[in-house]
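The block underneath contains the structure these notes are about, expressed in structure tokens.
The structure displayed is predicted, hence computed values, not measured ones. Along the sequence shown, residues carry numbers from 1.
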Amino acid sequence: MLIGQTEYKEILHINLLDNVRRKLINKLNVFAFFAVIVCSVVGVALNYFLRMRGESGGVYILFILAGVPLCLLYIYLHEVMHFLAVLISTGKKPEIKFGKLVASCGSPTISYGKAKYFFVASFPLIFFCATLIPLCVLLPPEFFPLPFIPLCYNIFGSFGDIYMIMRALSVRGICRIIDSGTDIYIYLPETAKSEN
């Protein structure tokens, strides 16, 4: 494959929808789902017992229930953050797709170096942690579930992005990464082309 003036050879192709990876992704999704529930329950209980000390829990339960739909909204916002990161780092618009159990953002025509790929893949995790953690601390205790439950989802829901970052960064030397959303290709340079 020719990228710029350099010929690249494919050294790794990861299809996130093949049967083996689909099973792994399903297991990760189940783990993430239960991890979000456990962390949310523990977090909101600790917040109630440590910060609210004996206040009525009625309104607090409503805010806990309101945190759940925010997680559903987060799925879309996560992909929008990937979209913005690609736009910021490359000036190009990727595609956002929402499937049955998969949401993705990518393009088969946009390539990244390691630093840009790290930025694009980690942007939602970093952005939402930087936004939601201060809200957990600064908002009055009864509002705590509103940022905290989506924060848990953000952390555990970003495992796929973290996995892809680790795979890309483990490649030695200069490489190019193409992420179409469900297929990731990593290329190493073969030879430099001479300029005409």
Would you kindly say whether Tyr117 and Asp179 are connected by a side-chain donor-acceptor distance under 3.5 Å?
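The criterion, which ignores hydrogens and geometry beyond distance, is satisfied for Asp179 and Tyr117.
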Any donor-acceptor pair under 3.5 Å from [X] side chain to [Y] backbone:
X      : Y      : result
Lys114 : Val171 : yes
Ser180 : Asp183 : yes
Arg176 : Ser111 : yes
Lys116 : Ser89  : yes
Asn47  : Pro145 : no

Look up atom [atom1] in [X] and atom [atom2] in [Y], then write down how far apart they are to the nearest 0.5 Å.
X      : Y      : atom1 : atom2 : answer
Ile64  : Phe148 : CD1   : CZ    : 11.0 Å
Thr131 : Met81  : OG1   : CE    : 8.0 Å
Leu188 : Glu7   : CG    : CD    : 13.0 Å
Phe123 : Ser158 : CZ    : OG    : 12.5 Å
Tyr112 : Ser107 : OH    : OG    : 7.0 Å

Parallel, tilted or perpendicular: which one describes the rings of Phe31 and Phe159, with boundaries at 30° and 60°?
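Phe31 and Phe159: parallel rings.
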Below 4.5 Å, heavy atoms only, C-beta onward: do [X] and [Y] meet side chain to side chain?
X      : Y      : result
Phe118 : Leu169 : yes
Glu79  : Ile75  : no
Ile149 : Leu70  : no
Ile11  : Tyr187 : no
Leu12  : Ile14  : yes
Phe98  : Ile96  : yes
Phe128 : Ile133 : no
Phe144 : Arg51  : yes

Evaluate the side chain to side chain contact (heavy atoms under 4.5 Å, CB included) criterion for residues Ile165 and Ser122: first the C-alpha distance (whole Å), next the side-chain angles of each, then the deciding distance (0.1 Å), finally the verdict.
CA-CA 8 Å; Ile165 291 167; Ser122 66; 3.7 Å; yes
Under 6.0 Å from the CD atom of Glu10, do we count more than 12 heavy atoms belonging to anything else shown?
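Yes.
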Take atom CG of Leu77 as the centre, draw a 6.0 Å sphere, and report whether it contains more than 12 heavy atoms from other residues, nucleotides or ligands.
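Counting other residues, nucleotides and ligands, CG of Leu77 exceeds 12 neighbours.
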Tell me every residue that passes salt bridge (Lys or Arg N to Asp or Glu O under 4.0 Å) with Asp18, counting only those two or more places apart in sequence or in another chain.
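Counting only residues at least two positions away or on another chain, Asp18 forms a salt bridge (Lys or Arg N to Asp or Glu O under 4.0 Å) with Arg21.
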Verify side chain to side chain contact (heavy atoms under 4.5 Å, CB included) between Ile110 and Ile178, making sure each step is shown before the conclusion.
CA-CA 6 Å; Ile110 301 173; Ile178 295 179; over 6 Å; no
Tell me, please, which residues at least two apart from [X] pass ring-ring contact (aromatic ring centres under 6.0 Å, His included).
X     : result
His78 : Tyr74, His82
Tyr60 : Tyr48
Phe34 : none

Report yes or no: do [X] and [Y] belong to one cluster of Ile/Leu/Val/Met/Phe/Trp/Tyr joined by side chain heavy-atom distances under 4.5 Å?
X      : Y      : result
Leu135 : Val59  : yes
Phe49  : Ile61  : no
Val41  : Leu62  : no
Leu46  : Val137 : no
Phe33  : Val68  : no

side-chain hydrogen bond (donor to acceptor under 3.5 Å, both in side chains) against Tyr163, all qualifying residues, sequence neighbours excluded
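Per chain and number, Tyr163 pairs via side-chain hydrogen bond (donor to acceptor under 3.5 Å, both in side chains) with Arg167.
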Check Cys129 against Pro134 and note the closest heavy-atom contact, atom names and distance.
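For Cys129 and Pro134, the tightest heavy-atom pair comes out as O-CD, 3.8 Å.
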Could you report the tightest heavy-atom contact between Ala168 and Cys175, atom names first, then the distance?
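Heavy-atom minimum between the residues: O-SG, 4.5 Å.
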Considering only residues two or more places apart or on different chains, which pairs with a residue in residues 134-153 satisfy side chain to side chain donor-acceptor pair (under 3.5 Å)?
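Of all non-adjacent pairs touching residues 134-153, none passes side chain to side chain donor-acceptor pair (under 3.5 Å).
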Decide side chain to side chain contact (heavy atoms under 4.5 Å, CB included) for Ile184 and Met164; before the verdict, give the C-alpha distance in whole Å, the side-chain angles of both, and the deciding distance to 0.1 Å.
CA-CA 8 Å; Ile184 291 89; Met164 293 313 306; 3.6 Å; yes
Audit row: Asp161, Leu125, side chain to side chain contact (heavy atoms under 4.5 Å, CB included) steps and yes/no
CA-CA 9 Å; Asp161 294 331; Leu125 175 64; over 6 Å; no
